[in-house]
Visitor: 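Have a look at this one.
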Number of protein chains: 2
Amino acid sequence: MAKGASTDECARPSLVVAALGAPVTFSRNSEIFGDDELAEHVYVVLSGVVRVCKLMGDGRRQIEAFCLPGDAFGWETGDRYRFSAEAVNECRVARVKRSVLFARAGSNPELACALWALSFAELQRAQDHLLLLGRKTAQERVGTFLLDLARRSAAATGASLTEVQLPMSRQDIADFLGLTIETVSRTLTCLEEQATISLPSSRRVLLRDRSALRRLDS
Amino acid sequence: MAKGASTDECARPSLVVAALGAPVTFSRNSEIFGDDELAEHVYVVLSGVVRVCKLMGDGRRQIEAFCLPGDAFGWETGDRYRFSAEAVNECRVARVKRSVLFARAGSNPELACALWALSFAELQRAQDHLLLLGRKTAQERVGTFLLDLARRSAAATGASLTEVQLPMSRQDIADFLGLTIETVSRTLTCLEEQATISLPSSRRVLLRDRSALRRLDS
DNA sequence: CGACAACTTGACCATTATCAAGCAAGGTGG
DNA sequence: CCACCTTGCTTGATAATGGTCAAGTTGTCG
């Protein structure tokens, strides 16, 4: 306990930011903000899961991130959002006015530090995701996804590390991993046949062989 | 000219940061820093091109970004780099001590603002790249790449918008676009046959039909 | 119980990867 | 100055991963 706060000079960055905003709830599949809308707010997930995505003219979709409790989304440099955000399931988010946030950050070093921490977390996730989309096989993508979701769910809500709830549909997973829904389904089946995971139901996954999964993770 | 500085409340963020560092030069293909090394510096490109990349155990490589003059790289939240950086060609970079940078940013709002601008620019490029890697075809990837490089080269060095110099090898392009070297080569040949581009030499590209390229860009 | 959405599975296909030559440009040493 | 080698690029033939199209199955909600 000696120097307990050493890892978080900016203790719980998401809380620092969320404290400045008002909680809002969104129902499954409802839009939190749309591509090209005026970017007036930054958001922090309180409960539930949010997907942040880009759409191409012909309907192809790339989900850039699933945001779990504690994650922030809606950062922009310009004055408009460059992607849309939707509730994957029923969820609560803290909505913080950008103007308020930046005004306060100027005079509040703890807040400024929290903003850094949150936006960098997003950058790092994006960078890891580039490697996945550019160079990993379907099996590696799914394996990485499951491990990551398990780790982050555990961190955010204290869920088990070996049992993952999938709040999102197969289509969402496919659009996140740069695959099709069929390939995601087949890959999960294949991992189950290899006894790497088991699927007690389509939205619950047990990680049976974590070392096999970690091997897929690279 | 009236309100000339409106777009850059933090005028030329890269210059503000670069001013704090010392210029260093690197020769073609030399390493600027390696994955997992202690992250003591942040860098700004002054001239030349830098590639920032991740490697997998079996040698697969993903280039996360090509950094042109004015771009910054080497941001980290933790104390170690999570990727490596190498000189694509002879290049000069400003090397800034992280400790100095962050100490000064605390008391210098212009600098703090410049840091935001630079790191967000990186985040946005990463996010656009996710869509490319996850959902675009080979032809779309190459088209997007050429347009982007032309635009950024023009912005950084005043180069022409219709003639692109490729400072990087086909292998670098492939590892950036999530393709193989052969597919990049074939795709360029194919675009030339369609009269969308021409290739006076392997490292020079003329953008003949920008609207066709923009259609590929989505 | 019926209807609908979400998921799985199968058969076939296409894009891109792999493997293997061949070619062009640039540098070096005789 | 030229033969030789190296490196980087292109092209071709073939293979494989993942995509597409089409049925089925499961599960949920009225």
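Predicted, not measured: the structure shown is a model, and the values here were computed from it. Sequence lines set the chain letters: A, B, ... in the order given, protein chains first and strands last, and positions in each chain run from 1.
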Visitor: Nearest-Å distance, CZ (R135(A)) to P (dT16(C))?
Guide: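 Spelled out: CZ on R135(A) to P on dT16(C) is 13 Å.
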Visitor: Has the side chain of E182(B) got a donor or acceptor that lies under 3.5 Å from a partner of the other kind on the base of dC19(C)?
Guide: yes
Visitor: Between E90(A) and R28(A), is there a side-chain N and carboxylate O pair less than 4.0 Å apart?
Guide: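 No, this pair does not count.
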Visitor: With a non-hydrogen cut-off below 4.0 angstrom, is T180(B) in contact with a base, only sugar-phosphate, or nothing?
Guide: base
Visitor: Does dG18(D) have OP1 or OP2 sitting under 4.0 Å from an N or O in the side chain of T183(A)?
Guide: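 The answer is no; no side-chain N or O of T183(A) sits under 4.0 Å from OP1 or OP2.
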Visitor: Rounded to whole angstroms, how far apart are CZ on R60(B) and C1' on dT18(C)?
Guide: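 From R60(B) CZ to dT18(C) C1': 14 Å.
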Visitor: Quick one: is R203(B) getting a side-chain N or O under 4.0 Å of the dA25(C) phosphate, OP1 or OP2?
Guide: no
Visitor: Could you tell me how far apart I181(A) (CD1) and dT9(C) (P) are, to the nearest whole angstrom?
Guide: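 About 13 Å, once rounded to whole Å.
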Visitor: Send over the distance from L132(A) CG to dG18(D) P, rounded to a whole Å.
Guide: 12 Å
Visitor: Say whether S84(B) and E31(B), considering side chains only, have a donor N or O and an acceptor N or O under 3.5 Å apart.
Guide: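 Note: S84(B) and E31(B) side chains miss the donor-acceptor criterion.
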Visitor: Can you tell me which nucleotide in dT8(C), dC9(D), dG18(D) comes closest to the side chain of R170(B)?
Guide: dC9(D)
Visitor: Rounded to the nearest angstrom, tell me the gap between atom CG in L179(A) and atom C1' in dT15(C).
Guide: 15 Å
Visitor: For M168(A) and dA5(C), give me the distance from atom CE to atom C1', rounded to whole Å.
Guide: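 About 18 Å, once rounded to whole Å.
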Visitor: Taking atom types as modelled and ignoring hydrogens, do the side chains of S211(B) and D209(B) form a donor-acceptor contact shorter than 3.5 angstrom?
Guide: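 Checked: S211(B)/D209(B) side chains pair up, N/O donor to acceptor below 3.5 Å.
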Visitor: Return the value, rounded to whole Å, for the distance between atom CG of D172(A) and atom P of dA6(C).
Guide: 10 Å
Visitor: Hey, which of L207(B), D148(B), L147(B), L206(B) is the one that makes side chain to side chain contact (heavy atoms under 4.5 Å, CB included) with V164(B)?
Guide: L207(B)
Visitor: With no hydrogens and no angle check, do the side chains of T77(B) and Q124(A) hold a donor and an acceptor under 3.5 Å apart?
Guide: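 Yes, Q124(A) and T77(B) have a side-chain donor paired with an acceptor closer than 3.5 Å.
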Visitor: Do Q171(B) and D175(B) pair up side chain to side chain, a donor and an acceptor below 3.5 Å, judged on atom types alone?
Guide: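 Checked: Q171(B)/D175(B) side chains pair up, N/O donor to acceptor below 3.5 Å.
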Visitor: If I take atom CZ in residue R204(A) and atom C1' in nucleotide dT26(D), what distance separates them, rounded to the nearest angstrom?
Guide: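 Spelled out: CZ on R204(A) to C1' on dT26(D) is 16 Å.
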Visitor: May I ask you to list the residues of residues 184-201 of chain B, by number, that have any heavy atom positioned under 4.0 Å from an atom of DNA chain D?
Guide: S185(B), R186(B), T189(B)
Visitor: Is the closest basic N to carboxylate O distance between R204(A) and E163(A) below 4.0 Å?
Guide: yes
